[in-house]
Amino acid sequence: MLGKAVLSLQVNFGLSSLGLVMVAESDGEVCAVFLGDNKENLVDELATSFPNVILHVNQSGAPSKLLTRVVNCIECPDTPINDLPLHFLGSSFQCEVWQALREVAAGEVITYAQLAANIGRPSAFRAVANACGANKISVLIPCHRVVRSNGELGGYRWGTARKKKLLVREGEFKEFALNHVCG
DNA sequence: AAGCCCATCCGAA
DNA sequence: TTCGGATGGGCTT
């Protein structure tokens, strides 16, 4: 998966209303955003997700700027994130799916089938779902906005409770924004 | 090269 | 509302 060059990741932790947030960055770019409840577990998951990578966990307690922005983005879904540099690490198919996901705005949802159609592979909805599950930059690549065709929530790597929370919040936030503008 | 795993979908009872 | 077959990418052997 990775080339010969060894990547060095700076790892930062923060707290949000979804629990623990772990941001891994390299050279000013976000490589991973994981959600969970336990630091050691998250670091373990990161290590298995990126073998052959050197991790430097920030113990200083001073959060990196990127971590602060990610947490802010979790709490305020309308925060613009287009200028946040992301580092995609995956197959070409996965990267295509993840790029298409970034077109889905906060407050909107899309089905796995529609997402598959958007990348020109309408019968690959199953593979698209797998690619969503393989997304390592949660929240910033909004795989939580993909739902099933029958209206069910669908799965989420970080727990369906977090997926639901994110969607409810984004919906509420959109309503708030509309009321604010129109009323 | 072949098998297994999946965060799905759709049609038929 | 349940059920089974189709389906395609990724990972392991």
Side-chain angles (χ1 to χ4, degrees), chain A residues 1-7 9 16-24 26 29-38 41-55 70-71 73-75 77 81 84 86-174:
Chain A
M1 168 157 67
L2 289 173
K4 291 154 194 148
V6 177
L7 198 59
L9 296 184
S16 77
S17 53
L18 297 178
L20 209 49
V21 183
M22 182 184 70
V23 172
S26 171
E29 298 181 320
V30 179
C31 299
V33 177
F34 284 16
L35 308 173
D37 302 303
N38 178 292
N41 290 351
L42 287 181
V43 171
D44 283 349
E45 289 180 45
L46 186 62
T48 28
S49 289
F50 299 110
N52 309 321
V53 152
I54 300 180
L55 305 181
V70 170
V71 171
C73 170
I74 291 175
E75 308 303 344
I81 56 165
L84 264 178
L86 306 185
H87 193 128
F88 287 68
L89 288 167
S91 71
S92 61
F93 178 83
Q94 289 171 333
C95 291
E96 216 175 332
V97 171
W98 299 339
Q99 288 287 5
L101 265 178
R102 300 191 71 197
E103 307 293 316
V104 184
E108 294 175 3
V109 292
I110 191 174
T111 66
Y112 293 96
Q114 284 167 359
L115 187 56
N118 283 1
I119 64 169
R121 307 185 114 273
S123 62
F125 45 82
R126 201 76 167 69
V128 163
N130 281 335
C132 291
N135 171 34
K136 294 164 189 70
I137 313 182
S138 71
V139 184
L140 301 185
I141 296 176
C143 58
H144 59 276
R145 297 184 191 138
V146 193
V147 299
R148 298 187 51 156
S149 295
N150 64 5
E152 290 175 358
L153 188 61
Y156 194 53
R157 177 173 171 192
W158 312 110
T160 53
R162 288 193 177 94
K163 183 174 186 175
K164 195 175 195 174
K165 226 169 168 176
L166 279 164
L167 289 180
V168 166
R169 172 173 314 168
E170 291 179 357
E172 284 176 350
F173 206 96
K174 191 183 181 185

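Note that the structure is predicted; figures quoted are calculated from it, not measured. By convention in this document, chain letters (A, B, ...) are assigned in the order of the sequence lines, proteins followed by strands, and residues within each chain are numbered from 1.
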Are any of A:Ser123's side-chain N or O atoms less than 4.0 Å away from OP1 or OP2 of C:dT7? no

Tell me, please, which residues at least two apart from A:Ser17 pass side chain to side chain contact (heavy atoms under 4.5 Å, CB included). A:Glu75, A:Arg169

Counting only side-chain nitrogens and oxygens, does A:Arg121 get under 4.0 Å of the OP1 or OP2 atom of C:dT7? no

Residues in side chain to side chain contact (heavy atoms under 4.5 Å, CB included) with A:Ala129, at least two apart? A:Tyr112

For A:Asp44, the side chain to side chain contact (heavy atoms under 4.5 Å, CB included) test, sequence neighbours excluded, returns none

Each nucleotide in nucleotides 8-13 of chain B should get exactly one letter: B, S or -. Can you fill that in based on protein heavy atoms under 4.0 Å? BSS---

Please state how far atom CD1 in A:Ile119 lies from atom P in C:dG8, giving the value in whole angstrom units. 12 Å

For the pair made of CG in A:Leu115 and P in B:dA7, what is the distance, rounded to whole Å? 16 Å

Between which residue ranges does DNA chain C form stems of three or more consecutive Watson-Crick or G-U wobble pairs, both distances under 3.5 Å? B:1-6 with C:8-13, B:8-13 with C:1-6

Does any non-hydrogen side-chain atom of A:Leu115 lie less than 4.5 Å from one of A:Cys132? yes

Run the ring pair (Phe, Tyr, Trp, His ring centres under 6.0 Å) test against A:Phe125 and tell me which residues pass, sequence neighbours left out. none

Spacing of A:Trp98 atom CH2 relative to C:dG9 atom P, expressed in whole Å: 15 Å

Could you tell me the separation between the CZ atom of A:Phe93 and the C1' atom of C:dG9, rounded to a whole number of Å? 6 Å

Would you give the length of the straight line joining atom CD1 of A:Ile119 to atom CD of A:Glu103, rounded to the nearest 0.5 angstrom? 12.5 Å

What's the verdict on side-chain contact (heavy atoms from CB on, under 4.5 Å) for A:Gln99 and A:Phe88, showing C-alpha distance, side-chain angles and the deciding distance? CA-CA 9 Å; A:Gln99 288 287 5; A:Phe88 287 68; 4.0 Å; yes

Passes side-chain contact (heavy atoms from CB on, under 4.5 Å), A:Tyr156 versus A:Cys143? Steps please. CA-CA 8 Å; A:Tyr156 194 53; A:Cys143 58; 3.8 Å; yes

Find the distance A:Asn135:CG to C:dG9:P and express it as a whole number of Å. 18 Å

